[in-house]
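Because the structure is a prediction, the values reported are computed rather than measured. Indexing begins at 1, ligand by ligand and atom by atom, following the structure's order.
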Amino acid sequence: MYISKSSTFVLLVSSLCLAVLPVKSSSGCGYDACNLGDPNKLNVHIVPHTHDDVGWLKTVDQYYYGARNNIQHAGVQYILDSVIHSLEENPDRRFIYVEIAFFWRWWNQQTNDTRNKVKNFVNQGRLEFISGGWCMNDEASTHYNSIIDQHSLGAEFLRDQFGECARPKIGWQIDPFGHSREQASLFAQMGFDGLFFGRADYQDIDKRTETKTRELIWKASANLDRRSWLFTGVLPNGYSPPGSFCYDIFCDDPPIMDDPRLHDYNVPERVETFIKAAHDEASSYATNHIIMTMGSDFQYENANQWYKNLDKLMKYVNAQQTNGSDVNVFYSTPSCYLYALNKVGRAWTSKTDDFFPYAHHPHGFWTGYFTSRPALKRYERLSNNILQVTRQLNAFSKANLRSSIFPLNEAMGIAQHHDAVSGTEKQEVAFDYAMRLSQGIDAAVDVINKAYDKILPLDSQTPPSGPQFLCQLVNISECLPIEGQERFTLILWNPTVHTISHHVRVPVTKDYTVRDPTGHVIVAEMIPISESTQKIPGRKSFAVNQLVFKAILPALGFSTYYFEIKATEKNNNEKQVVITQHSECILQNEYLRVEIDSQGNLNKITNLKKKISVPFSNQGFYWYGSFPGNNSGSEFQASGAYIFRPISSNPEPVSSKRSITCIKGQNVQSATIVFNNWASQEISLYDDAKMVEVEWTVGPIPVDDNIGKEIILRYDTDIQSESKFYTDANGREVLERTRDYRPTWNYSKVELISGNYYPINSRIWIKESNRQLTVLTDRSEGGASIQDGSIEVMLHRRTFYDDALGVDEPLNETAFGAGLVVRGKHLLIIESPATSALYHRVASQRFYMNPLATYALPPLPYADYSTTYRQTWSALQTDLPLNVHLLTFDQIDAKKYLIRVENYFELNEDDTYSHPVIVDLQKLFQSQGVISDIAEMILTANLRITDMKRLEWITNNNRSSKVDVKKDISLKDLNILLNPMEIRTFLVTVE
Ligand SMILES: *[C@@H]1O[C@H](CO)[C@@H](O)[C@H](O)[C@H]1NC(C)=O
Ligand SMILES: *[C@@H]1O[C@H](CO)[C@@H](O)[C@H](O)[C@H]1NC(C)=O
Ligand SMILES: [Zn+2]
């Protein structure tokens, strides 16, 4: 359809001189290219844009090509083709683009001519990249490590192809369903000047509209002060155009019919309606500038239709100025709108809380997606673990295989999308995300192998030790390639900068002796694999036992454990493992005592050293019935992929009885508590553990009663929590939550349960003066404290109804012909509030950066193996301080590295660790060489930190957002200081 217009384009194109443009900054882009309007008029910034979901109802590639248009008509390649043509037609026209996953796909297919045209538009500020991540990431279920990575991936592409003119300066989170404070803080650290989004709670929006505070300064960190401040605007109309002004092929609004000789001439009416729309909008905003988002989902496939009408509309509206109209309308971009607001020079209100949870009507709380697709949420988190380890191995082996890590990096970038890890995509698309991660992991395993091929051999003549492989199903105690083998090795790579003790469970069909890297045979106990595990659908393993042993792993390095089948079946360990059933089970080590009665009730956990006891009046699985509804009005809102709406506020216990098996070994003591045939937990205490592990297994969720179910694990204690609970944002800072309360508006509560749910990315706690119960999670989940003393975490969901927000499917995950079974872990910490941070901070970093286990079948017997291959290695001579985390270690080329180091403690959390800490960066490069050049960068590594100049904003109490420009790091002093919650990013060259 748009191709028929190409004859016009060809003429225009050929009249332009298409010299190859330098890929660097020109004064024509950025704020310099902004129209700031007329100070005496109402300035309407027209922002043409398209919202291109990186997968949702179709896969990312289907969206790119415009395949499967029967599902949803959408083809991003045509959008970009079409927009570029339209920009050529009129130099006033502007466009913004967000999702680099799509732009990258398109760019790869363009000729140099087209690329040069695009570079020209970018250098003139007419095509502006906004946000510039690989996707527009979800904010509730994403982890900060991956938010940073996905933005860095987009930023790197933009910098390489376009230079400084393409550096994103604005966050553009128009569609995500609630907004995290950490996201805003990270944006500020990426050098962004502002953030715009479309969705906020309807009560919040009402109040902000009334008080003209839809634009504000978000103080996005309790630790980073003004470095985290971010101007934030709630867009006027979601991200849609004002009513009756949509000119897309998807819309039916009247075009501008401007030839009076023709029928239906409508200019006066259109102009009047537009001027009224502008005044209406202006009435809820504080300045004489307003923004109109002219576009929506996958719009601009025929950009001409939009631009042709906008050109005319703007011309006729502005013509009314001679008749006294105060409306001044022009093409703009979000950054130019932001810049205009900045130039107004007023003071803005501020806020310190976040924008969770989001409700669009009284029964419509978007809190279900905090948990939706829990298996995908875990797979995404695990994939990040593998990605970071692969980068480290690539760097420390000097394998220089960065491009082979790209597939996993890209898959992770896509998985951060607000319909990906959020769980709000169609089932087919969820499978596609998982497949991408899986293929990315396969590519990463190749890198891991090439890295170990370099690291393991003790001399260069030695052949590789046999391929390393992952056993990705060890969470259901399955590792088929090692089953029945005479010998195998297990290498554990510890990605943290601290020596750790780590318990490993290896599913086996035979008994083995296990040797540590020094050749000592260590205690490895045969522990039976529970029946609940053995009957998980799809499990193929014959293993009924697992070997449990303790590994001590060096910082940023590995240890190899060598398994050799035992000659006789006689097992000395076995005697030490005591198994009882239906009787009381006390798990105890020197730190903790866990009391479980013969009925399978967890009654009490005592921290023996601190003499703190937390009795549980109840602990176990419950379910909420998912509200069935046809979504025809708020009261008929169904629970679905996005929305959590329980039928009743009283969840049902999944069973009235439980059975308990108690297993006591030397390395681990555990209680397997089976509630019914679809819900069980294994509570474990390892010998040296200072926290209790709860491994939960839920599914197939029964649906034979035709009721959708949302399964929670509840921990009911006597802690006097006084309506308060605490949840983290994206795995970093923790926010205080108060039941049935919102800090910035008078909350009228309707949904007693779902209105109190918040995202838990890594932790939730309740506390009183000297006791705190913290629950750490292995993936993002939703949770709340519905009663004082209680924590509940939603683990899994299966609903019968679609919630009418577009996905058009119930959330009904199945596998192997039954409802999907999901398994995961919680870690419970019982401490005083003053000592809790030490445990939850350290443990949550290790939880997401677990040692990576790779197995191999070495042909050599131990004696030969041990003289041929290195069995342990560390990149560090000594551990780094406990409050330091190595967030990124990415080798860019033979000599260059991108690194991020972080102090992951908050202020005032811990007497010892909530303080600035010094790291000698050279220590990280001991095995790589001497640092010969170093530059500190902004968080996304696309600008030197000394060049970061953010706009200055003033808050109501007359405080300026201005911060001192950071001094550059000097080669003479590589000792850097990390303040609490500070992440620092460096480009390092090593000789
Ligand atoms: C396109 O530009 C690149 C980089 O300038 C150059 O290497 C390549 O040869 C060009 N391709 C064509 C077909 O001109
Ligand atoms: C859920 O999935 C099961 C198994 O595939 C199927 O039998 C059932 O009809 C589905 N329910 C809904 C509401 O789609
Ligand atoms: Zn979207």
Side-chain angles (χ1 to χ4, degrees), residues 18-23 49-58 60 63 72 74 76 98-99 101-102 107-119 131 133-140 160-163 172-179 197-199 235 238-240 293 295-299 358 366 369 414 416-431 537 625-630 638-642 699-709 796-803 805-821:
L18 294 171
V20 178
L21 290 153
V23 188
H49 80 103
T50 180
H51 176 65
D52 298 345
D53 289 307
V54 180
W56 181 39
L57 310 182
K58 307 200 290 191
V60 54
Y63 275 129
Q72 181 186 8
V76 175
V98 184
E99 297 87 2
F102 285 125
W107 188 250
N108 290 339
Q109 299 197 314
Q110 302 311 305
T111 61
N112 281 357
D113 264 8
T114 307
R115 288 185 176 190
N116 286 332
K117 274 183 230 169
V118 172
K119 285 176 185 173
S131 248
W134 211 248
C135 68
M136 182 184 295
N137 68 250
D138 175 46
E139 300 190 35
D160 289 353
Q161 299 301 325
F162 300 100
W172 187 250
Q173 295 289 103
I174 56 179
D175 197 24
F177 337 121
H179 302 281
F197 56 71
R199 300 178 186 276
L235 293 168
Y239 52 91
S240 300
T293 45
S296 192
D297 295 10
F298 297 97
Q299 293 198 356
Y358 162 57
W366 300 44
Y369 83 96
I414 287 171
Q416 306 310 309
H417 169 60
H418 58 270
D419 298 301
V421 66
S422 60
T424 54
E425 66 282 60
K426 279 192 188 288
Q427 185 61 56
E428 287 297 319
V429 179
F431 287 146
S626 312
F627 201 90
N630 63 9
S639 205
Y642 302 83
I701 299 175
V703 286
D704 38 13
D705 55 2
N706 285 324
I707 299 173
K709 292 181 188 63
H796 197 3
R797 331 175 58 218
R798 193 174 181 192
T799 73
F800 275 84
Y801 290 82
D802 173 54
D803 47 13
L805 295 165
V807 74
D808 201 26
E809 278 179 7
L811 188 65
N812 183 18
E813 294 180 284
T814 59
F816 309 103
L820 182 67
V821 180

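- For Phe800, the side-chain contact (heavy atoms from CB on, under 4.5 Å) test picks out Val703, Asn706, with sequence neighbours left out.
- Between Asp52 and Thr50, the side chains place a donor N or O and an acceptor N or O closer than 3.5 Å (distance only, hydrogens not considered).
- Phe177 places none of its side-chain heavy atoms less than 4.5 Å from the side chain of Glu139.
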Quick one: ligand 2 N/O to protein N/O pairs below 3.5 Å?
from	atom 1	to	atom 2	distance (Å)
ligand 2	2 (O)	Asn812	OD1	3.3
ligand 2	2 (O)	Asn812	ND2	2.3
ligand 2	11 (N)	Asn812	ND2	2.8
ligand 2	14 (O)	Asn812	ND2	3.3

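- When side chains are defined from C-beta on, Tyr801 does not count as touching Pro810, because their heavy atoms never get closer than 4.5 Å.
- Put simply, the side chain of His179 does not reach to within 4.5 Å of the side chain of Tyr358, judged on heavy atoms.
- When every heavy atom of Lys709 is checked against every heavy atom of Ile707, the shortest pair comes out as NZ-O, 2.9 Å.
- Counting only protein N, O or S atoms, 4 lie closer than 2.8 Å to the Zn ion (ligand 3).
- Set against the non-hydrogen atoms of Asn112, the atoms of ligand 1 under 4.0 Å away are 1 (C), 2 (O), 3 (C), 8 (C), 10 (C), 11 (N), 12 (C), 14 (O).
- Within the 4.5 Å cutoff, the side chain of Val821 has heavy atoms near those of the Pro537 side chain.
- Annotation: side-chain contact (heavy atoms from CB on, under 4.5 Å) contacts of Ser131 (sequence neighbours excluded): Val98, His151, Trp172, Gln173, Phe187, Phe192.
- Residues Pro700 and Gly819 share a closest heavy-atom pair of CB-O, 3.2 Å.
- The aromatic rings of Tyr63 and Phe298 lie parallel to each other, their planes meeting at an angle below 30°, with 60° marking the opposite boundary.
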